[in-house]
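To keep things clear, I will list the structure first and then write my remarks on it.
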Amino acid sequence: TAFFPISGTQIELVHPLNGEGPIAKFLENKGGGLHHICFSTDDIEGDVKHLTEKGYQFLGDKPTLGAHDCMVIFIHPKSTDGVLIELSQPPADH
C-alpha cells in the first residue's frame, strides 16, 4: 500500500502481497482499475447507524482498525450501485 497526498485528499495504491488476499481476488475477477472510494468522517459510529437506518448494508458488523490507525468500515457494493465505499475515521490525536 502506498499513499500519495494531493491537496486535501490522497490516492492509495494497493497491490496484493504474495498474490493472495482480497486485492488479488479482486484483480483476478475484475482486472486493474478503481477498487473503492473512501470518505473521511468524524463520527463513524453515527454514520454507520444513520446509513443502516437508511437500508445500507456493510461488509462487517462494526468499524475495525485500518490504515494509519483509522477506524474503517466498508459499505457493501450492493447498496451503492456496485461501488465499494469505505468510511474512515482518523484517530482522535490527528
Side-chain angles (χ1 to χ4, degrees):
T1 301
F3 290 88
F4 298 92
I6 301 172
S7 185
T9 190
Q10 59 186 339
I11 293 176
E12 176 185 10
L13 301 179
V14 295
H15 187 273
L17 294 175
N18 303 318
E20 300 174 346
I23 299 298
K25 185 176 179 181
F26 178 88
L27 291 171
E28 182 179 307
N29 292 332
K30 309 262 187 194
L34 179 68
H35 182 263
H36 72 277
I37 298 172
C38 179
F39 293 99
S40 183
T41 176
D42 293 329
D43 182 12
I44 198 166
E45 296 286 344
D47 289 339
V48 168
K49 182 177 185 288
H50 176 77
L51 291 169
T52 299
E53 290 168 355
K54 296 280 188 184
Y56 287 82
Q57 297 176 347
F58 292 84
L59 294 181
D61 296 330
K62 61 182 181 176
T64 59
L65 191 61
H68 306 288
D69 294 324
C70 294
M71 294 304 295
V72 301
I73 193 164
F74 290 86
I75 302 172
H76 198 291
K78 290 189 294 189
S79 296
T80 56
D81 293 324
V83 178
L84 181 61
I85 295 179
E86 177 184 13
L87 300 178
S88 177
Q89 181 176 333
D93 60 353
H94 279 161

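Since the model is a prediction, treat every value here as computed from it, not as a measurement.
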Just to verify, what does [X] make a side chain to side chain contact (heavy atoms under 4.5 Å, CB included) with, not counting sequence neighbours?
{"X": "Phe39", "result": "Ile37, Ile85, Leu87"}
{"X": "Ser7", "result": "none"}
{"X": "Pro22", "result": "none"}

Original post:
So do Ile73 and Thr64 actually touch side chain to side chain, heavy atoms under 4.5 Å?
Top reply: no
Original post:
Does Glu45 reach the side chain of Pro63, with side-chain heavy atoms less than 4.5 Å apart?
Top reply: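 Of all side-chain heavy-atom pairs linking Pro63 with Glu45, at least one is under 4.5 Å.
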Original post:
Under the side chain to side chain donor-acceptor pair (under 3.5 Å) rule, what pairs show up with a residue in residues 73-84, not counting sequence neighbours?
Top reply: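 As it turns out, there is no side chain to side chain donor-acceptor pair (under 3.5 Å) pair with a partner in residues 73-84 once direct neighbours are skipped.
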**OP:** Could you walk me through whether Ile75 and Gln57 pass the side-chain contact (heavy atoms from CB on, under 4.5 Å) test, one step at a time?
**Re:** CA-CA 6 Å; Ile75 302 172; Gln57 297 176 347; over 6 Å; no
Please give me the minimum heavy-atom distance between [X] and [Y], naming the atom from each residue.
{"X": "Pro5", "Y": "Gln10", "answer": "CA-CB, 3.8 Å"}
{"X": "Cys70", "Y": "Pro91", "answer": "SG-CD, 4.1 Å"}
{"X": "Pro16", "Y": "Leu27", "answer": "CD-CD1, 3.8 Å"}

Original post:
When Ile, Leu, Val, Met, Phe, Trp and Tyr are grouped by side-chain heavy atoms lying under 4.5 Å apart, directly or through other members, which residues fall in the same group as Leu84?
Top reply: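 Hydrophobic cluster check, Leu84: joined to Leu59, Phe74.
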Counting only heavy atoms not in [X], do more than 12 sit closer than 6.0 Å to its [atom1] atom?
{"X": "Asp42", "atom1": "CG", "value": "no"}
{"X": "Phe58", "atom1": "CZ", "value": "yes"}
{"X": "Ile11", "atom1": "CD1", "value": "no"}

Original post:
What residue pairs, at least two apart or across chains, pass salt bridge (Lys or Arg N to Asp or Glu O under 4.0 Å) with a residue in residues 46-67?
Top reply: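 Those involving residues 46-67 are Lys49-Glu53.
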**OP:** Enter the distance from Cys38:SG to Glu12:CD here, rounded to the nearest 0.5 Å.
**Re:** 8.0 Å
Original post:
Of all residues at least two apart in sequence or in a different chain, which pass the ring pair (Phe, Tyr, Trp, His ring centres under 6.0 Å) check with Phe26?
Top reply: His35
**OP:** Please list, chain by chain and in numerical order, all residues satisfying ring pair (Phe, Tyr, Trp, His ring centres under 6.0 Å) with Phe4, sequence neighbours excluded.
**Re:**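 Ring pair (Phe, Tyr, Trp, His ring centres under 6.0 Å) list for Phe4, sorted by chain: empty.
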Subject >> Partners meeting side-chain hydrogen bond (donor to acceptor under 3.5 Å, both in side chains) with Lys25 (sequence neighbours left out) >> reply: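 Applying side-chain hydrogen bond (donor to acceptor under 3.5 Å, both in side chains) to Lys25 gives none.
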Subject >> Residues in side-chain hydrogen bond (donor to acceptor under 3.5 Å, both in side chains) contact with His36, at least two apart in sequence or another chain >> reply: Glu86
